[in-house]
Amino acid sequence: MSLVKYIDPSASRASAAPRAAAAPASGRWRSAAVLLLIVAAGVALRGYHIGAECFDCDELYAVRIQGTSPQALGRVVARDAFHTNHPPLMTVPFLYWNALVGTDEGRVRALPFLLSTLTILLTYRLGARLGGPLPGLFAAGLVALNPLHVAYAQEARHYAMLAFLVTAAHLSFVRCLQFGRRLDHAVYLILCLLAALTHYFAVLALTAHVAVCAWLLARGGAAGCRAAVRLLLTLALPAVLCLPWVLVVRFQAGQPWQHLAGAEVGSLTRCLLDVAAVRTEWDAGLCGGVAVVLLIVGTLWYTRRDRLPIAAADGSPPLPRRLGAVAVVVGLCGAAVAYHEAPGRLLPVVRATLASHGYEGSVIEQEVQVLFRLLIAAPAALVAAGLLLLAWPVLLRLASRALESSPARPLPVSILCGALLGTPVLATWAVGFLGIPFLQTRNLIILVPPLAVTLGLGLAALCASRGGRLVAAAAAVLLLCTAAQYRPTAAPLGRDGYPLGMHTYDWRGLDASLGDTQESLPLLTTRTSATDPILYYSGARAPRRLDPATEWPPLPDEFFLAHIDRDAACAAVLARLTESGATCKPRLRDGELVLLAVKMR
C-alpha cells in the first residue's frame, strides 16, 4: 500500500513500484500552494531580526578578510587550515558574497539565509522522490520550523551551507540510483567534493551512501550491484582529491580545542534532542521525544515494502575520460613547479607574514612544512584522480564481472532512510569513542533534513486512514509545541526560550556608551577570541589587549576594561588587577559582558 494517494510525477518516470497514477493538475497546484506557504513561514522565521545582533567572535571569520584577489583567497584558506579546525572552504564563499552585497550584519547573513531556504525546497524534493508530495510537504514543513535550522540560517557561518550541500548530495545520490545518468553522477561528484571541503561532518553524512551501496552489493542484484560500484567509484574521485588535506587534519588535531566534546552517550543524546527540537524543560519535551522515536520506527515499518527502483547504469564515468589525461599532465606539472618554486618564492613570504603576526619560530616552521607538503600532495592527488578516471572502464568491468547473474532487488525506502539517519550518528559516536573531540549540536545539523524526511514519511503513512490522521495531527501539534520552546522560533512570538545558535553581546551599545563617557580614557580588553568583536566595533578607539600569561606594559592610571564573566582569560586579567590594588566599578552590563571603569592605585 502506498503512503499517499498521489506520487511525484517526476519520480514515476523511473519508478516500477506499485504506486498510484500521477497526480492531477489540481493536486499539483495544491501541493505547490502548500509548499509556498511552508517556504514563506521558513523565510519569516529566518529573516526575523537577522541583522539586529552584532557579529559574534566566530562570525568575524566571514568579514575579517575582504576582497576577491588570489592573495585574499590564499589568506582565507591558510587561516582556516592552520588557525581553525575546519576544511578550506569554510569562509571562502563569504569573500565573494561580501564583495557583492557588502559587510553589514544582515547582508552578510543573507547568504546562510538563502542557503537555508533552498534546503527547505531540497528537502521537499527528497521527500517527494521517496514517497510523494505529501511526505515531501511534511518534511519541508519540519525543516522550515526546525529551531536548529533556523538558528544557523541567521549566523554568518558555514553550517547552513553544510546542510544545503549534504541535502543536495542526498538528493543527487537518489537520482543516481533512479536514473543512472552521467549528469547526475557528475553533479553528485561535485556536491560531495564541496561538502567534504566545507565541513568534516559532511564526510560522516556521506558514509550513509557507502552503507547503502554496501547493501546493494550484498542484496541489490545485478542492477543494484552495478549502480553501487559506479557510485562508489564516483565517490572515490572526491575522496582522492581530498586526501592531501589529511596533512592539515593531522596538524589541526594536535592543537587544543577545549570547546569541542567527545561523543559520550549523554552529550550525543543532548545534541540529538536539539536536532529533533524536543530538548525542553517541561513534560512535552519527553512526549515530543517519544513521538519522534515512534514516528521513526513507524516509518521504517510502513516503508519496508516500498521500493526505490534502480536504473540500469550505462557504466560511463561521471566526467569525460579525456579530462583524466588533462588532470595527469596538469598534476605532474603542478607538483614539479611547487617543488622547485615554493621554497624560494612562496614559503619566505609565508614566514614573514606569520612573523609579523607574532607567531613563534617553531610554530612558523611547523606550518611552513605542512604547507610545502600540501603543495606537493595536492597536484599528486589530481594525478591519482586522473588515473582513476582513465582506468574507469577496467575497474567497473572487473568489479561487475561476477554480478551479471544476480536477480534484481529494488532498494527498500526503509533501508535508505535508516542509513541516512543512523550511519552519521554511529560514525559520530565512533569518532568520539576513538578520542577525537568533534561533537557539537551545530555539527549535527546534517541530520535535520533526513530526520524531517523520515518523520514526513511516517506522518504520511498515518494519514492513510481516518484514525491515523487524528494521530498524525496530534503528533504534528506536539512537535510544533516543543519546537516553539526554543529561542529561534519563540522570539518571533514575543517569548524567550531555550537558546540555540550564536551568543553575542551588544558591542555597538558598548562603543556608544564609551562615547558618552570620558572619551580621554583608553579602552583595554583581554587577549581572547571572546572579545574579538570589540576590535571590529570599536571604531577609532582601538583597544589595547592584555594577555594574562605575559608581562604587561605600563598601564594608565584610569581606563575602561571590557570584561566577560565566566571567561578564564578575562578572569585571570581581573584577578591580576585586583591583586595590584586596582578598583573596578561596573559601568555597563549586557549579559556576561561587563564594562568596568578601572582606577589603578
Side-chain angles (χ1 to χ4, degrees), residues 70 73-74 76-82 84-90 92-93 158 162 165-166 169 172 185-207 209-210 213 229-254 317-343 345-347 350 366-396 399:
L73 178 63
V76 166
V77 173
R79 180 197 62 191
D80 292 344
F82 298 106
T84 71
N85 55 345
H86 295 289
L89 294 187
M90 180 182 77
V92 166
H158 57 312
L162 166 68
L165 290 172
V166 168
S172 183
H185 281 75
V187 172
Y188 178 66
L189 186 158
I190 294 171
L191 289 171
C192 291
L193 180 61
L194 292 177
L197 293 177
T198 298
H199 197 289
Y200 293 132
F201 260 59
V203 178
L204 305 185
L206 296 177
T207 57
H209 301 174
V210 178
C213 290
V229 170
R230 190 181 179 198
L231 273 167
L232 289 175
L233 287 175
T234 301
L235 198 56
L237 286 170
V240 168
L241 292 173
C242 290
L243 273 179
W245 196 255
V246 174
L247 297 169
V248 179
V249 174
R250 292 180 59 188
F251 175 85
Q252 293 175 347
L319 300 174
R321 290 183 62 202
R322 59 179 176 272
L323 290 182
V326 174
V328 171
V329 174
V330 171
L332 290 174
C333 294
V337 170
Y339 181 80
H340 288 286
E341 298 296 325
R345 294 178 179 270
L346 178 62
L347 299 187
V350 174
Q366 187 180 10
E367 294 187 13
V368 166
Q369 291 301 319
V370 174
L371 177 61
F372 180 66
R373 296 190 192 102
L374 182 63
L375 291 174
I376 302 299
L382 187 62
V383 172
L387 293 175
L388 178 60
L389 204 57
L390 291 173
W392 185 281
V394 177
L395 295 175
L396 188 64

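We find the CG-CD distance between L347 and Q369 to be 8.0 Å, quoted to the nearest 0.5 Å. Remark: I190 CD1 to L237 CG distance equals 11.0 Å, nearest 0.5 Å. With rounding to the nearest 0.5 Å, the separation of CG in L231 from NE2 in H185 is 4.0 Å. Taken from CG in L162 to CG in L194, the straight-line distance is 12.0 Å, to the nearest 0.5 Å. N85 CG to D80 CG: the interatomic distance, rounded to the nearest 0.5 Å, is 10.0 Å. We find the SG-CG distance between C242 and L193 to be 5.0 Å, quoted to the nearest 0.5 Å.
The side-chain heavy atoms of L395 and L388, taken from C-beta on, include a pair separated by under 4.5 Å. Here the side chains of M90 and T84 are in contact, with some heavy-atom distance below 4.5 Å. The closest side-chain heavy-atom distance from L346 to L375 is below 4.5 Å. In this structure, F251 and R373 have side chains that are not in contact, with every pair of non-hydrogen atoms separated by 4.5 Å or more. Looking at H199 and L89, their side chains never come closer than 4.5 Å, going by heavy atoms from C-beta outward.
Y200 approaches Q252 most closely through the heavy-atom pair OH-OE1, 2.7 Å. Taking every heavy atom of both residues into account, A385 and V240 meet most closely at N-CG1, 3.8 Å. Between A202 and A195, the shortest heavy-atom contact is CB-O, 3.2 Å. Across all non-hydrogen atoms, the minimal contact from P318 to L189 is CG-CD1, 3.8 Å. Nearest heavy-atom pair across V203 and A196 is CG2-CB, 4.2 Å. Nearest heavy-atom pair, L206 versus A169, reported as atom, atom and distance to 0.1 Å: CD2-CB, 4.2 Å.
Under the side-chain contact (heavy atoms from CB on, under 4.5 Å) criterion, P317 pairs with R182, R321, L389, W392, not counting sequence neighbours.
Taking the six-membered ring where tryptophan is involved, the planes of H209 and Y188 are tilted, since the angle between them lies from 30° to 60°.
Each of V328, V329, V330 was checked for a side-chain contact (heavy atoms from CB on, under 4.5 Å) with V326, and the lone residue meeting it is V330.
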